[in-house]
Asker: 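Handing you this structure, nothing more for now.
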Amino acid sequence: MAKIIGKEIPSLPWQDKPEGYRYPVWRYSLNPIVTRNNLYFSNSIFNSAVVPFRDGFAGVFRADMRTRDQVIVTGFSSDAINWTLNEKQIFKGYDPRICEIDGVYYLTWVKLTDKGTVIGVAKTKDFVDWEELEPASYPVARNGVLFPRKINGEYVMMIRPCDRGHTPYGDIFLMHSKDMVYWGKYRFVMSPVNNWEMTKVGAGPTPIETDEGWLVFYHGVITSCNGFTYSMGAALLDKDEPWKVLHRADSYLLAPHEYYECVGDVPNVVFPCAAMADSKTGRIAVYYGAADTSVALAFTTVDDTVNYIKEHDLIK
Ligand code: BMA
């Protein structure tokens, strides 16, 4: 039995695993949970991230507007399923992640510059006032994902260095910082290994601390004659040296199979950006972008996922 190390989230959304279902991750039956109808003038709302906040939940949502500008807005919810989005744009860019460290919420996102994409970093305590910090990676990178606590006294962030376009390659690296300003001590974490992720891999939600290591969900991309297909994989990283991969599943845990994942502005995309975990029950709610069009929700438990990773382990 694996144990989540972290807060209890008694109001975490949940549905039991359907009877007879054998895979480790199952979808919320009323998906998608956030669509363009949640925000006036949006074209699509997808790759978005949420956290417990005060008595409920808060989130940072990627909205592509009817101008096709890519912006980030905030949202609030009492049940983490029904969301009220705020029309005020907090930053330009895309694929936000949100991570609480010691009562401060850090936003990392893909910030657009005329020299390519960098990892924007901003912080807030209330989801209203935001302070932007130095970009964490310059030159170009995407998928900047912070660990939820300092490791050996330093902040740690995963990144995926890339080119200026729709990058046809990609490995996950991580880097360290004492102050969230200067980043260094780069380490390689993982490359594509499996068929389903052969083109590139990138970090997904904030890692979940367990007694067996850091549980990470990530996205992997395969290229077919129809273009890219994005799926979700999982691995366990060493607690103190998180660039060391202890276990890694050889197969995806979630892939675009449902209509809303296969049909949309960019077909065949499952892009996880958040995973909230309840340490009391071991339940995990995963939030992912579906077909670059809407936000969907899926469930697993720490045991379902850790057992699956170990049963399908490619680390021998
Ligand atoms: C990636 C990112 C994601 C997007 C995906 C599929 O490069 O831009 O925002 O979901 O492509 O289009």
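In listed order, ligands and their atoms are each counted from 1.
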Asker: Quick one about T124 and Y106 (side-chain donor to acceptor, distance below 3.5 Å, no hydrogens or angles considered), yes or no?
Answerer: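 Note: Y106 and T124 side chains miss the donor-acceptor criterion.
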
Asker: Could you identify the single nearest non-hydrogen protein atom to atom 12 (O) of ligand 1 and state the distance to 0.1 Å?
Answerer: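 Of the protein heavy atoms, D292 OD2, 2.7 Å lies nearest.
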
Asker: Below 4.0 angstrom from a heavy atom of N47, which ligand 1 atoms are there? Numbered from 1 as shown, please.
Answerer: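 The atoms of ligand 1 under 4.0 Å from a heavy atom of N47 are 3 (C), 4 (C), 9 (O), 10 (O).
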
Asker: Contact between W83 and F57 at the side-chain level, heavy atoms closer than 4.5 Å - yes or no?
Answerer: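 With C-beta onward as the side chain, the pair touches.
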
Asker: Could you find the nearest protein heavy atom to atom 8 (O) of ligand 1 and give me its residue, atom name and distance?
Answerer: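 It is Y94 CE1, 3.6 Å.
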
Asker: Just to confirm my output: which protein heavy-atom neighbour is closest to atom 2 (C) of ligand 1, and how far is it?
Answerer: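 So the nearest neighbour among protein heavy atoms is D95 OD2, 3.4 Å.
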
Asker: Under 4.0 Å from any heavy atom of V266, which atoms of ligand 1 are there?
Answerer: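 It comes down to these atoms of ligand 1: 12 (O).
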
Asker: If hydrophobic residues (ILVMFWY) are linked whenever their side-chain heavy atoms come closer than 4.5 Å, directly or via other members, who joins Y94 in its cluster?
Answerer: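 Once heavy-atom contacts under 4.5 Å are chained together, Y94 belongs with V110, L112.
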
Asker: Regarding ligand 1, does Y230 bring an N or O atom to under 3.5 Å of one of the ligand's N or O atoms?
Answerer: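 Between Y230 and ligand 1, an N or O pair is found under 3.5 Å apart.
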
Asker: For the residue pair T199 and T223, confirm or rule out a side-chain donor-acceptor distance under 3.5 Å.
Answerer: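 A donor-acceptor contact under 3.5 Å links the two side chains.
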
Asker: Would you list the pairs meeting ring pair (Phe, Tyr, Trp, His ring centres under 6.0 Å) in which at least one residue belongs to residues 256-281, sequence neighbours left out?
Answerer: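 The answer is H219-F271, Y230-F271, Y252-H257.
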
